[in-house]
Peer 1: 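Next up is a structure, given as C-alpha cells.
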Amino acid sequence: NRVINIWNNKNWELILTLENIYNSGRINSACFFQNDLDNNTFIVTSNNFFSSPESIKIFNLEGNHINDIKNSNENVYYINTFIDNKKNYIMACSYNYLISYDYGQNKFYKKYHSPNSKIHYSFDIIKESTLIKLISSSMDGAINIWDFHSSELLHKFIGSNNPLYSISL
C-alpha cells in the first residue's frame with residue numbers, strides 16, 4: 001500500500017507515517033540517513049516501478065519531501081547510505097549494477113557493473129587502510145567486490161547457482 005511507518009524505538013509509539021509517496025509500484029527499501037555535515041536525519045526510500053521517474057525519494061523526519069534522485073527508470077531493490085571523508089553517499093542496488101550518488105553535490109557519483117551479474121540485492125562496505133571496497137550479493141549467486149571510488153571490479157566470486165539475497169560483513 002506504499003506506506004512507511006516509523007516508530008520510536010524506546011516506547012514503540014508510532015511517530016510518523018508516510019503515505020502514498022509513490023504513484024505506482026511498491027516500496028522496496030527504506031533507510032535512515034544521518035547527514036553528519038549538518039546533523040540532520042533523513043528517510044531515503046526506493047520503489048520498484050520501472051516507469052517511475054522518482055525511484056529514490058528523500059524525506060525529513062517531519063515527513064516533508066526534500067528531494068528526488070532520478071535513477072534512469074531502473075528498479076531499485078535495496079538502498080542504504082555510506083559516509084567517507086565527510087562526503088555522504090546514497091547507494092542503490094539495481095538490476096545489473098549498483099549506483100552511488102553524492103548527496104552533498106546532489107549528483108550521480110559512480111556506477112558499479114559486473115558482467116553477467118543480474119539483480120544486485122544487497123551490499124556492504126569495507127574500509128581498509130588505503131582502499132574502500134563495495135561488496136554486493138546478486139541473483140546469480142555471485143559476490144562482487146569493487147573499489148568504491150574508481151568503480152573497478154576487483155573480484156567476482158561465484159558461490160552457487162542460487163540467488164544470494166543478502167550480505168553483511
Peer 1: Group every Ile, Leu, Val, Met, Phe, Trp and Tyr by side-chain heavy-atom contacts under 4.5 Å, then state whether I125 and I99 land in the same group.
Peer 2: no
Peer 1: Specify the closest pair of heavy atoms between F59 and K57, including all atoms of both residues, with the distance to one decimal.
Peer 2: CE1-CB, 3.7 Å
Peer 1: Does any N or O in the side chain of S100 come within less than 3.5 Å of the main-chain N or O of K110, such that one atom is a donor and the other an acceptor?
Peer 2: yes
Peer 1: Does one hydrophobic cluster hold both Y109 and W146, with members joined at side-chain heavy-atom distances below 4.5 Å?
Peer 2: yes
Peer 1: Taking I43 as the starting point, is it possible to reach I21 by hopping between hydrophobic residues whose side chains are less than 4.5 Å apart?
Peer 2: yes
Peer 1: Any non-hydrogen side-chain atom of L131 less than 4.5 Å from a side-chain atom of L154?
Peer 2: yes
Peer 1: Once the angle between the rings of F148 and Y112 is folded into 0 to 90°, is it parallel (under 30°), tilted (30 to 60°) or perpendicular (over 60°)?
Peer 2: parallel
Peer 1: Assess the residue pair T81 and F42 against the criterion (side-chain contact (heavy atoms from CB on, under 4.5 Å)); give the C-alpha distance rounded to whole Å, side-chain angles, the decisive distance to 0.1 Å, and a yes or no.
Peer 2: CA-CA 11 Å; T81 60; F42 300 98; over 6 Å; no
Peer 1: Going through the distances and angles, do F82 and L134 end up as a side-chain contact (heavy atoms from CB on, under 4.5 Å)?
Peer 2: CA-CA 10 Å; F82 169 63; L134 169 64; over 6 Å; no
Peer 1: Can you tell me how far OG of S136 sits from CD1 of I143, rounded to the nearest 0.5 angstrom?
Peer 2: 8.5 Å
Peer 1: Would you call the rings of F33 and Y103 parallel, tilted or perpendicular, taking 30° and 60° as the class edges?
Peer 2: perpendicular
Peer 1: If every non-hydrogen atom of H113 is compared with every non-hydrogen atom of Y97, which pair is closest and at what distance?
Peer 2: CA-CB, 4.1 Å
Peer 1: Got a second to check how far N144's CG is from I158's CD1, nearest 0.5 Å?
Peer 2: 7.5 Å
Peer 1: Give the C-alpha distance, both sets of side-chain angles, the deciding distance and a yes or no for side-chain hydrogen bond (donor to acceptor under 3.5 Å, both in side chains) between S166 and Y78.
Peer 2: CA-CA 10 Å; S166 182; Y78 174 72; over 6 Å; no
Peer 1: Could you give me the CA-CA distance, side-chain angles and deciding distance for I135 and I126, then say whether side-chain contact (heavy atoms from CB on, under 4.5 Å) is met?
Peer 2: CA-CA 8 Å; I135 299 141; I126 294 178; 3.4 Å; yes
Peer 1: Got more than 12 heavy atoms from elsewhere within 6.0 Å of NZ, K111?
Peer 2: no
Peer 1: Could you grab the distance from atom CD1 of I6 to atom CG of L18, nearest 0.5 Å is fine?
Peer 2: 5.5 Å
Peer 1: Roughly how far, to the nearest 0.5 Å, is the CG atom of D102 from the NZ atom of K87?
Peer 2: 5.0 Å
Peer 1: Using modelled atom types only, decide if a donor and an acceptor are shared between the side chain of S29 and the backbone of I79 within a distance under 3.5 Å.
Peer 2: yes
Peer 1: If I take atom CD1 from residue I66 and atom CG from residue D68, how far apart are they, to the nearest 0.5 angstrom?
Peer 2: 11.0 Å
Peer 1: Linking I/L/V/M/F/W/Y whenever any side-chain heavy atoms sit under 4.5 Å apart, do F32 and L16 land together?
Peer 2: yes
Peer 1: So for atom NZ, which belongs to K133, do other residues, nucleotides or ligands contribute more than 12 heavy atoms lying within a distance under 6.0 Å?
Peer 2: no
Peer 1: May I ask you to decide if S151's main-chain N or O and H149's side chain share a donor-acceptor pair within less than 3.5 Å?
Peer 2: no
Peer 1: Which atom names give the shortest non-hydrogen contact between I83 and Q34, and what distance separates them?
Peer 2: CD1-O, 3.7 Å
Peer 1: Determine the minimum heavy-atom distance between N80 and F123, stating which atoms define it.
Peer 2: CB-CZ, 3.4 Å
Peer 1: Are I4 and I15 connected in a single hydrophobic cluster, I mean Ile/Leu/Val/Met/Phe/Trp/Tyr linked by side-chain heavy atoms less than 4.5 Å apart?
Peer 2: yes
